[in-house]
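In what follows, a single structure is set out as structure tokens and then discussed.
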Amino acid sequence: MLGVGGVHAYTAAKGGVISLTRAVAVTYAKNKVRCNVICPGAVDTPMMAHVLHGENQRLRQGYERSHPLGRVGTPEDIAGMALYLASDESSWVTGSVFTIDGGNSAQ
């Protein structure tokens, strides 16, 4: 999760979700309730349509260049992690943060 200038409340809320996830995971583990968070990078969704599909294609190209994998994400990129977390394969996973951002946060 990265800070984004100019959208302070949005960025703070993202940090709050991570802390809430960890607190819920610890609190409810005894009830066998697991809680994890997926932190996606730039994903081609309706929320990002104005940036990725607008008249200024330089914005999309900038997003693509900023990600080491060279593209923005797709909903399917995120769905795989969601399916894993919903499956029995992740039965020992709780309180974890999964960043799926094409390597952007690794830079």
Side-chain angles (χ1 to χ4, degrees):
M1 183 193 82
L2 302 174
V4 178
V7 287
H8 305 100
Y10 176 76
T11 302
K14 289 170 64 173
V17 168
I18 290 172
S19 292
L20 176 63
T21 296
R22 291 174 173 154
V24 167
V26 170
T27 301
Y28 295 101
K30 63 183 172 275
N31 301 103
K32 300 195 183 335
V33 173
R34 296 177 292 123
C35 187
N36 298 287
V37 63
I38 298 172
C39 299
V43 176
D44 195 347
T45 63
M47 182 177 150
M48 292 290 292
H50 70 286
V51 173
L52 300 177
H53 300 291
E55 293 179 18
N56 187 351
Q57 283 302 294
R58 288 189 323 211
L59 288 172
R60 183 185 183 103
Q61 291 167 349
Y63 271 95
E64 290 171 344
R65 280 192 306 272
S66 72
H67 291 78
L69 290 179
R71 65 178 178 85
V72 297
T74 66
E76 292 79 12
D77 292 325
I78 310 307
M81 180 56 72
L83 287 172
Y84 166 72
L85 292 172
S87 76
D88 290 339
E89 297 297 317
S90 66
S91 65
W92 208 50
V93 178
T94 195
S96 295
V97 178
F98 294 91
T99 303
I100 305 175
D101 67 356
N104 192 39
S105 61
Q107 304 183 88

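Partners of Arg34 by side-chain hydrogen bond (donor to acceptor under 3.5 Å, both in side chains), not counting sequence neighbours, listed by chain and number: Ser90.
When every heavy atom of Pro68 is checked against every heavy atom of Gly102, the shortest pair comes out as CD-O, 3.2 Å. Nearest heavy atoms, Ser96 versus Asn36: N-OD1, 3.0 Å. Contact record, Ile100 with Asp77: CG2-O, 4.1 Å, taken as the closest heavy-atom pair. Scanning all heavy atoms of the two residues, the minimum distance from Thr94 to Ala25 falls at OG1-CB, 3.3 Å. Across all their heavy atoms, Val43 and Leu52 have their closest contact at O-CD1, 4.0 Å. Between Gln107 and Ser66, the shortest heavy-atom distance links the atoms NE2-O, 2.7 Å.
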(message) Please evaluate residues Asp44 and Arg71 with respect to the criterion salt bridge (charged side-chain N to carboxylate O under 4.0 Å, His left out), reporting the C-alpha separation (whole Å), side-chain torsions for both, the decisive distance (0.1 Å), and the verdict.
(response) CA-CA 10 Å; Asp44 195 347; Arg71 65 178 178 85; over 6 Å; no
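A donor-acceptor pair under 3.5 Å is absent between the side-chain atoms of His53 and the main chain of His50, judged by distance alone. Lys30 contributes a side-chain N or O that, together with a main-chain N or O of Thr27, makes up a donor-acceptor pair within less than 3.5 Å. At distances below 3.5 Å, not a single donor-acceptor pair connects side-chain atoms of Thr21 with backbone N or O atoms of Gly95.
Atom CG of Asn104 is separated from atom OG1 of Thr99 by 10.5 Å, given to the nearest 0.5 angstrom. With rounding to the nearest 0.5 Å, the separation of CG in Asp101 from CG in Leu69 is 9.0 Å. From Gln61, atom CD reaches atom CD of Glu64 across 6.5 Å, with rounding to the nearest 0.5 Å.
Here the side chains of Val33 and Cys35 are not in contact, with every heavy-atom distance at 4.5 Å or above. The shortest side-chain heavy-atom distance between Arg22 and Val97 falls under the 4.5 Å cut-off.
More than 12 heavy atoms of other residues, nucleotides or ligands sit less than 6.0 Å from atom OH of Tyr84.
Val93 and Ile38 fall within the same hydrophobic cluster, defined by Ile, Leu, Val, Met, Phe, Trp and Tyr side-chain heavy atoms under 4.5 Å apart, directly or through other members. Clustering ILVMFWY residues whenever any of their side-chain heavy atoms sit less than 4.5 angstrom apart, transitively, puts Ile78 in a cluster other than the one holding Val72.
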